[in-house]
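None of these values were measured; they are calculated from a predicted model.
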Amino acid sequence: MKTHSRSRAVRTPGGLSVRLDPRALTVVVLLLVAAGAAGVALIGTGDAKIPAADVLRTLAGNGTAYQDFIVNELRLPRVLVGLLVGACLGLGGALFQSISRNPLGSPDVLGLSQGSTAGALIVIVLLSGSASQVTVGALAGGLATGLAVYLLAWKQGVHGYRMVLVGIGVNAVMTAVNGYLLTKADLVDAARAVVWMTGSLNGRDWEQVWPLLALCAVLVPLVLVNARGLRMMEMGDDISNALGVRVQWVRLLLMVSAVLLTAAATAAAGPVSFVALTAPQLARRLTRSPGPNLVPSLCMGATLLVAADWASQRAFGADQLPVGVVTGVLGGVYLLWLLVTERRAGRI
C-alpha cells in the first residue's frame, strides 16, 4: 500500500508556489462537507426540532421569526464554537505532534489542558470570578504551562522526547494542583468547577464565537505560512538549518501558536479531551501523506467535535451528556489502540 499520494506544484500569478496533494485535498473537502452536515443536524436537534431544509432556509435569511430566533440566536453560536474549538484543538495537536515528532505529543499529554484548567479553577475557587474572568484565567494558565514545559525541556534546543517526558511530568503536577483546588472549594464553586472541567458546549453564545474567530483569523494563516519550515524540521535540526530554516525561532513561534490555540479552545469550552490527540492521527491516516497535515487536522478536529456534540445529545435518549464525556470515551479507546500499535512497531 502506498504511504503517500502524489502532490502537484501550483504556481500563482504572483509567483507563489503551492504544493497540492489531490488525496489530501479530497479529504479536506469531504471533512468540510461532513462538518457542515453535522452542524446543520445539530442546529435542528433539540426540544424544538427543525428539519434540515428549514435550517438551511433560515441560515439564508428566509426563515420565520421563530425559526430565526431558535437557529441564529440559540443554536448557531453553539455550533460555531464547537467548530472553532475543534479546529483549534486539531491544529494545535498537529503542531505539537510534528514539533515533538511523537504521536503522543498532544496538549492532553503535555499538560496544557490541565494548566488551562488550573488557571480557570484559581479564578473560580479562589476569586469567585465571572465567566469572562474564568476565560482569562484559562488562557493565562495554558500560556504559563506551555512556557514552563518549553523552558524545562530546553537544553541546547527543544527535542521531541524530552518535551513529551517533561510534559507528562507537568501534567501530573497540574492534575494534583487541580485536585487540591477542588478540595478547597465550597460546594457551589466545586460543582461549577466540575461542570467546566468536563468540557461542554452548553450555553455557548456569540460572546465565545468572536474571540475564537479573531484568534483563528490571526494564528491559522501564521501557522500555514510557516508550514514549509515545520515540514523540513521533521528531517532533523541539522538538515533544516542547512536548508535555511531558523529552527529554534520557527519552533518557538509554532509552539506559542499551538499553546494559544489550545488555551483559547479550553477557555471557550473547557478541557475537551483527546480531540487534539486523535484528530491529527486520523487525518494522517486518511490522507496517507507525510508531513504535519495541518489543514486536514484542523478540519478533522472541527468535524470530530461537532459530531461528538450531536452524539452527546442524540445517542443516549433523554440524557444529554457534556461533549467532553463523549470525546473522552472515544479518545481513550483510541489512545489504548495507538499505544498497542506503537508498542508492536517497536517505537515505545
Side-chain angles (χ1 to χ4, degrees), residues 31 81-117 119 135 138-150 153 158 160 163-164 167 170-171 174 199 208 211-227 230-231 233 250-284 291-306 308 324 327 331 335:
L31 287 174
V81 170
L83 289 169
L84 291 169
V85 167
C88 288
L89 292 176
L91 182 57
L95 287 171
F96 276 117
Q97 290 177 21
S98 182
I99 291 171
S100 65
R101 303 176 206 164
N102 192 314
L104 297 179
S106 79
D108 303 307
V109 178
L110 298 178
L112 298 180
S113 297
Q114 290 297 330
S116 295
T117 302
T135 299
L139 280 170
L143 288 171
T145 305
L147 178 62
V149 171
Y150 187 85
V158 175
M163 185 172 70
V164 171
V170 170
N171 186 58
M174 299 313 299
Q208 284 82 37
L212 274 175
L213 189 61
L215 185 77
C216 289
V218 173
L219 291 183
V220 172
L222 179 64
V223 168
L224 295 181
V225 165
N226 289 277
L230 180 62
R231 184 164 184 171
M233 284 163 53
V250 172
R251 182 177 286 130
L252 177 60
L253 177 65
L254 294 179
M255 279 194 64
V256 171
S257 299
V259 169
L260 285 172
L261 288 167
T262 304
T266 305
V272 179
S273 58
F274 289 113
V275 173
L277 175 68
T278 57
Q281 296 294 318
L282 293 175
R284 186 173 293 111
N293 283 278
L294 297 180
V295 176
S297 298
L298 181 153
C299 297
M300 177 63 76
T303 304
L304 282 178
L305 191 54
V306 175
T327 61
L335 178 59

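Taking all atoms of both residues into account, the shortest heavy-atom contact from L212 to A268 is CD1-CB, 3.6 Å. Annotation for G111 and N171: closest pair CA-OD1, 3.4 Å, computed over non-hydrogen atoms. Of all heavy-atom pairs between T266 and S116, the closest is CG2-CB, 3.5 Å. Taking each heavy atom of S273 and T327 in turn, the nearest pair found is O-OG1, 3.1 Å. Scanning both residues, T117 and P271, for their nearest heavy atoms gives OG1-CG, 3.5 Å. When all heavy atoms are compared, the tightest approach of V272 to G324 is CG1-CA, 4.5 Å.
Atom CG of residue L282 and atom CG of residue L304 lie 6.0 Å apart, to the nearest 0.5 angstrom. In this structure, CG in N226 is found 7.5 Å from OG in S257, a value given to the nearest 0.5 Å. Remark: C88 SG to L215 CG distance equals 6.0 Å, nearest 0.5 Å. For the atom pair L112 CG and L261 CG, the distance stands at 11.0 Å (nearest 0.5 Å). Here L222 contributes atom CG and L253 contributes atom CG; the two are 4.5 Å apart, rounded to the nearest 0.5 Å. Note that CD1 of I99 is 6.0 Å distant from CE of M255, once rounded to the nearest 0.5 Å.
No donor-acceptor distance shorter than 3.5 angstrom exists from the side chain of T262 to the backbone of V259, with no hydrogens or angles considered.
When the side-chain hydrogen bond (donor to acceptor under 3.5 Å, both in side chains) test is applied to Q208, no partner is found at least two apart in sequence or on another chain. Annotation: side chain to side chain contact (heavy atoms under 4.5 Å, CB included) contacts of V306 (sequence neighbours excluded): A38, L42, L83.
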List the steps, then state whether side chain to side chain contact (heavy atoms under 4.5 Å, CB included) holds for L277 with F274. CA-CA 5 Å; L277 175 68; F274 289 113; 3.7 Å; yes
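Each of V218, V223, L224 was checked for a side chain to side chain contact (heavy atoms under 4.5 Å, CB included) with V220, and the lone residue meeting it is L224.
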Review item, side-chain donor-acceptor pairs of residues 292-303, under 3.5 Å, at least two apart:
{"residue": "N293", "atom": "OD1", "partner": "T287", "partner atom": "OG1", "Å": "2.8"}
{"residue": "N293", "atom": "ND2", "partner": "S289", "partner atom": "O", "Å": "2.9"}
{"residue": "N293", "atom": "ND2", "partner": "G291", "partner atom": "O", "Å": "3.1"}
{"residue": "S297", "atom": "OG", "partner": "N293", "partner atom": "O", "Å": "2.7"}
{"residue": "T303", "atom": "OG1", "partner": "L31", "partner atom": "O", "Å": "3.0"}
{"residue": "T303", "atom": "OG1", "partner": "C299", "partner atom": "O", "Å": "2.9"}

